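Every value quoted in this text rests on a predicted model; they were computed, and no experiment measured them.
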Amino acid sequence: MKRRDVQPIYSNTYQQMHRRYWVTRFLIILAVILLFFSVWLFWQHEKQVRLSRFPIHGVALDQQAGFVDFQQLANQHVAFVYLKATTGASYTDDQFQSGYDHDRAEGTRLKLGVDHFFSFSTTPTAQLNHFKKAVGTRLGDLPIAVQVDFYGDYTAQVVSKRHLGRRLLVFLISSD
């Protein structure tokens, strides 16, 4: 009698499990990528819907933005740009002078404005003196913007609104 090559019933079980494992892993990764892509598309759509409610668009730039092409901003229907100039009584933004002095906005329809970040730790007069020294006559086409935001230990519970209002008033009235 001739001997047959007999193989066990489960000889390819490991190969099937291995293949199923990699196919499952691939499908899970594909599903995660599709999920992230769908969320990104939804976020882009929502951003466009939110922006479409405002007829005029603008940007605020500081040194973290790096070099910005103002012509490109104008092509994207941005109408105005605020350049951060100073914070408190001692900090001057590194990009303010180059953004303003090099007339990168010249030739575009963009209006320029100047921005100051108000500090709770220094006097309004000291901040105003620093602002005037840093900005000089480069005030732009728009009103001066003063940002007020809580930071560090300065919270809504620590800073009195009445006291803050008085300090802001000193800065704003003196700046005229």
Next item on the list: For the pair R166 (side chain) and H163 (backbone), establish whether a donor and an acceptor sit closer than 3.5 Å, ignoring hydrogens and angles.
Entry: no
Notebook entry, point to check: Which of these, D62, T87, L83, sits in a side chain to side chain contact (heavy atoms under 4.5 Å, CB included) with D93?
Noted result: D62
Next item on the list: State which residues pass side chain to side chain donor-acceptor pair (under 3.5 Å) with H18; sequence neighbours excluded, sorted by chain then number.
Entry: W22
Check: How would you list, by chain and number, every residue that makes a side-chain contact (heavy atoms from CB on, under 4.5 Å) with K161, sequence neighbours excluded?
Finding: none
Notebook entry, point to check: By side chain to side chain donor-acceptor pair (under 3.5 Å), which residues pair with R25, not counting sequence neighbours?
Noted result: Y21
Item checked: Hydrophobic cluster (4.5 angstrom, side-chain heavy atoms) - remaining members for L142 -> I56, F80, Y82
Next item on the list: Could you list all the side-chain hydrogen bond (donor to acceptor under 3.5 Å, both in side chains) pairs where at least one residue sits in residues 29-43, not counting sequence neighbours?
Entry: none
Check: Y91: what forms a ring-ring contact (aromatic ring centres under 6.0 Å, His included) with it, not counting sequence neighbours?
Finding: none
Check: What pairs with T155 under side chain to side chain donor-acceptor pair (under 3.5 Å), at least two apart in sequence or on another chain?
Finding: Q157
Note to self: Tell me whether N75 at atom CG has more than 12 heavy atoms from other residues, nucleotides or ligands lying less than 6.0 Å away.
What the structure shows: yes
Notebook entry, point to check: Which residues satisfy the side chain to side chain donor-acceptor pair (under 3.5 Å) test with T123, sequence neighbours excluded?
Noted result: none
Next item on the list: Could you tell me which non-hydrogen atom of R167 sits nearest to which non-hydrogen atom of Q127, and how far apart they are?
Entry: NH2-NE2, 4.1 Å
Checklist line | Under 4.5 Å side-chain linkage, directly or through intermediates, the cluster mates of L34 | finding: V23, F26, L27, L30
Item checked: Partner residues of L168 under the side-chain contact (heavy atoms from CB on, under 4.5 Å) criterion, sequence neighbours left out -> F118, V146, V148, L164
Checklist line | Minimal non-hydrogen separation, A74 against T108, with atom names | finding: CB-CB, 4.0 Å
Item checked: Spacing of CZ belonging to F171 relative to OG belonging to S119, to within rounding of 0.5 Å -> 11.0 Å
Notebook entry, point to check: With sequence neighbours excluded, what pairs up with F150 under the side-chain contact (heavy atoms from CB on, under 4.5 Å) test?
Noted result: F120, A156, V159
Next item on the list: Output the rest of the hydrophobic cluster of I29: all Ile, Leu, Val, Met, Phe, Trp and Tyr residues reachable through side-chain heavy-atom contacts under 4.5 Å, sorted by chain and number.
Entry: I33
Next item on the list: Find the distance between CD (Q44) and NZ (K47) and round it off to the nearest 0.5 Å.
Entry: 4.5 Å
Margin query: Is it the case that atom CZ in R109 sees more than 12 heavy atoms from other parts of the structure closer than 6.0 Å?
Written below: yes
Margin query: How about CD on E46, more than 12 heavy atoms from neighbouring residues, nucleotides or ligands closer than 6.0 Å, or not?
Written below: yes
